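Hydrogens, waters and symmetry mates are skipped; everything else that's a heavy atom, side chains included, is used. First the proteins, then the strands, lettered A, B, ... as listed; each starts at 1. Computed from a predicted model, the values in this text were never measured in an experiment.
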Number of protein chains: 2
Amino acid sequence: MKSDSLQTLKEKGHRITQARSAIIELLENTDRPIAAKSLYTMLERIGIKVNITTVYRELEFLLQENIIEKVPLKDTELHYEMKGRPHHHHLLCTSCGNIEDIALESEHTLLEEAHTVSAYNIKRHSLAFYGQCPKCQ
Amino acid sequence: MKSDSLQTLKEKGHRITQARSAIIELLENTDRPIAAKSLYTMLERIGIKVNITTVYRELEFLLQENIIEKVPLKDTELHYEMKGRPHHHHLLCTSCGNIEDIALESEHTLLEEAHTVSAYNIKRHSLAFYGQCPKCQ
DNA sequence: ATGTTAATTGCAACTTAATTGCATTGTACT
DNA sequence: AGTACAATGCAATTAAGTTGCAATTAACAT
Ligand SMILES: [Mn+2]
Ligand SMILES: [Mn+2]
Ligand SMILES: [Zn+2]
Ligand SMILES: [Zn+2]
């Protein structure tokens with residue numbers, strides 16, 4: 001029942017703290033990217049007292065451990081989500097802020113073209129869509 | 001010889017100031033997205049003394065006037081470039097910071113799929129590639 | 001040319017996300 | 001229990017960007 005990521009971290013010699021477990025659990029059980037402050041609020045709500053600094057540090061740590069990834073959706077703050085799920089991107093509702101996943105078959109073709117067309121050695125990419133969700137239309 | 005954007009602004013009743021002309025000219029003559037601070041430095045170099053606040057305010061103004069657009073390439077600062085050129089995206093070299101344009105034929109297909117697959121009313125999107133430029137490989 | 005008016009600007013203060021130093025705490029292991 | 005050092009809290013700091021307000025100045029009319 002314990003998270004796979006936690007297990008891995010422990011094996012690597014990292015400690016399993018209340019904050020760490022909770023943050024990983026929240027990230028695992030939320031199906032959309034989360035911002036640091038939002039994560040902090042969620043922790044508060046479930047009764048876990050951590051400093052916002054710890055949240056930032058933990059996110060940085062999880063990034064380095066390749067457990068989560070950055071999701072740049074807004075100009076003002078970064079979002080984060082678990083790695084390892086099938087590759088996908090996101091839709092952000094510009095009215096209510098709702099975020100949804102979107103996976104695109106034709107992305108393959110796009111990436112191939114990018115590799116062909118460019119002399120860069122492309123390592124990663126960022127893609128996001130903006131518009132209004134069904135409810136806000 | 002005077003910029004088209006400037007003409008349009010003047011006709012709309014906006015003033016043509018030293019800062020405004022210079023900023024538009026720099027944006028028009030630079031083939032890559034520019035960050036506010038970088039723009040500020042470029043202005044300094046050509047001997048135009050403006051406060052960084054003015055640069056931010058002018059960028060905000062040009063956004064509202066639909067003359068430039070935001071280009072989110074970095075987590076830390078926004079870039080801006082002229083609108084109106086053929087639709088394209090960008091490559092950022094993670095080693096030297098160099099930025100290049102990239103236009104992709106197959107983007108059409110991708111956007112169509114996005115519209116089909118999603119219930120969102122998609123208005124815009126953001127796409128960027130990260131890797132190493134030829135010189136840095 | 002000079003005057004008038006509102007757009008623009010500079011400056012200082014402020015906001016907000018994120019980072020850092022350092023002393024303290026707590027996890028993991030013996 | 002005792003030890004070591006990873007993790008944390010707290011305060012200070014950094015950096016992008018914003019805002020209020022008084023001073024400046026472009027544009028236009030006289
Ligand atoms: Mn997702
Ligand atoms: Mn470009
Ligand atoms: Zn919505
Ligand atoms: Zn490079």
Side-chain angles (χ1 to χ4, degrees), chain A residues 2-3 5-26 33-44 47-65 67-80 97, chain B residues 2-3 5-26 33-44 47-65 67-80 97:
Chain A
K2 191 184 290 178
S3 156
S5 310
L6 270 184
Q7 210 53 261
T8 310
L9 287 178
K10 188 162 193 179
E11 278 158 22
K12 285 218 239 171
H14 299 292
R15 294 180 184 172
I16 306 309
T17 65
Q18 204 184 195
R20 180 158 295 162
S21 321
I23 287 172
I24 289 180
E25 199 181 320
L26 283 175
I34 319 178
K37 204 175 185 180
S38 171
L39 196 47
Y40 174 72
T41 308
M42 294 165 85
L43 288 166
E44 259 188 336
I48 288 168
K49 282 195 287 190
V50 270
N51 196 279
I52 184 82
T53 303
T54 302
V55 176
Y56 280 115
R57 269 197 282 235
E58 189 61 25
L59 287 170
E60 192 54 43
F61 171 78
L62 295 176
L63 278 174
Q64 242 117 48
E65 293 296 325
I67 288 172
I68 62 174
E69 62 189 325
K70 287 182 185 174
V71 182
L73 281 173
K74 293 187 180 176
D75 297 340
T76 49
E77 59 180 359
L78 276 172
H79 288 68
Y80 301 84
Chain B
K2 193 184 289 178
S3 154
S5 309
L6 270 184
Q7 210 51 262
T8 310
L9 287 178
K10 189 164 193 179
E11 278 158 23
K12 286 217 239 173
H14 299 293
R15 294 180 185 173
I16 307 306
T17 65
Q18 204 184 198
R20 180 158 296 161
S21 321
I23 287 172
I24 289 180
E25 199 181 319
L26 282 175
I34 319 179
K37 206 175 184 180
S38 170
L39 197 45
Y40 174 72
T41 307
M42 293 165 84
L43 288 166
E44 258 189 336
I48 288 169
K49 281 193 290 190
V50 271
N51 197 279
I52 184 84
T53 303
T54 301
V55 176
Y56 280 117
R57 268 197 283 234
E58 189 61 27
L59 287 171
E60 192 53 43
F61 171 77
L62 296 176
L63 278 174
Q64 241 116 48
E65 293 295 326
I67 289 173
I68 62 172
E69 62 189 325
K70 287 181 187 174
V71 182
L73 281 173
K74 292 188 182 175
D75 298 340
T76 49
E77 59 180 359
L78 276 173
H79 287 68
Y80 301 85

Revision key, fill the gap. Of all heavy-atom pairs linking B:Ala35 and B:His79, the shortest is N-CD2, 3.5 Å
Exercise for review: From the options C:dA28, D:dG17, D:dA26, select the nucleotide whose nearest atom is closest to the side chain of A:Arg15.
Suggested key: C:dA28
Exercise for review: With heavy atoms under 4.0 Å as the rule, sort A:Thr53 into base, sugar-phosphate or nothing.
Suggested key: base
Check your understanding: Can you check the A:Gln18 CD to C:dT27 C1' distance for me, whole Å?
Key -> 12 Å
Point to revise | Upstream residue (5' side of DNA chain D) when B:Lys37 and A:Val50 are each assigned their closest nucleotide | key: A:Val50
Review point. Rounded to the nearest 0.5 Å, what separation is found between the OG1 atom of B:Thr54 and the NZ atom of B:Lys49?
Key: 13.5 Å
Check your understanding: Could a donor-acceptor pair under 3.5 angstrom be found where the side chain of A:Arg57 meets the base of D:dA7?
Key -> no
Practice item. Determine the minimum heavy-atom distance between B:Leu9 and B:Glu65, stating which atoms define it. Key: CD2-CG, 3.7 Å
Check your understanding: What integer distance in Å separates A:Leu6:CG from C:dT27:P?
Key -> 14 Å
Review point. Out of C:dA6, C:dT9, C:dA28, which has the shortest distance to the side chain of B:Glu58?
Key: C:dT9
Check your understanding: Does a side-chain N or O from A:Tyr56 land closer than 4.0 Å to OP1 or OP2 of C:dA18, or not?
Key -> yes
Exercise for review: Answer yes or no: are there more than 12 heavy-atom neighbours, outside B:Gln18 itself, under 6.0 Å from its atom CD?
Suggested key: no
Check your understanding: Distance check: side-chain N/O of A:Thr76 vs OP1/OP2 of C:dA17, anything under 4.0 Å?
Key -> no
Revision key, fill the gap. Taken to the nearest whole Å, CD1/B:Ile24 to P/C:dT8 is 11 Å
Check your understanding: What are the two closest heavy atoms between B:Met42 and B:Leu26, and how far apart are they?
Key -> CB-CD1, 3.8 Å
Exercise for review: Write down the distance between NZ (B:Lys12) and C1' (D:dA26), rounded to a whole number of angstrom.
Suggested key: 19 Å
Practice item. Please work out if B:Lys74 contacts a base, only the sugar-phosphate, or nothing of the nucleic acid, heavy-atom cut-off 4.0 Å. Key: nothing
Exercise for review: Give the nucleotide from the list C:dA28, C:dT8, C:dC11 with an atom nearest to the side chain of A:Lys10.
Suggested key: C:dA28
Check your understanding: Can you tell which of D:dA27, D:dG17, C:dT9 lies closest to the side chain of B:Thr17?
Key -> C:dT9
Check your understanding: Just how far, in rounded Å, is P of C:dT19 from CG of B:Asp75?
Key -> 9 Å
Review point. Heavy atoms under 4.0 Å, any strand shown: does A:Ala19 hit a base, just sugar-phosphate, or nothing?
Key: sugar-phosphate
Exercise for review: Could you check how far CZ of B:Phe61 sits from P of D:dT18, rounded to whole Å?
Suggested key: 16 Å
Exercise for review: Answer with yes or no whether A:Arg20 presents, from its side chain, a donor or acceptor under 3.5 Å of a partner atom in the base of C:dG26.
Suggested key: no
Check your understanding: Counting only side-chain N and O atoms of B:Asn51, is one of them less than 4.0 Å from OP1 or OP2 of C:dC11?
Key -> yes
Practice item. Could you tell me the separation between the CD atom of A:Glu11 and the P atom of C:dA28, rounded to a whole number of Å? Key: 13 Å
Point to revise | Between C:dT19 (P) and A:Gln64 (CD): distance, integer Å | key: 11 Å
Practice item. Could you tell me whether B:Ile52 contacts a base, only the sugar-phosphate backbone, or nothing, with contacts defined as non-hydrogen atoms closer than 4.0 Å? Key: nothing
Review point. For the residue pair B:Val55 and B:Ala36, what are the closest heavy atoms and their distance?
Key: CG1-O, 3.7 Å
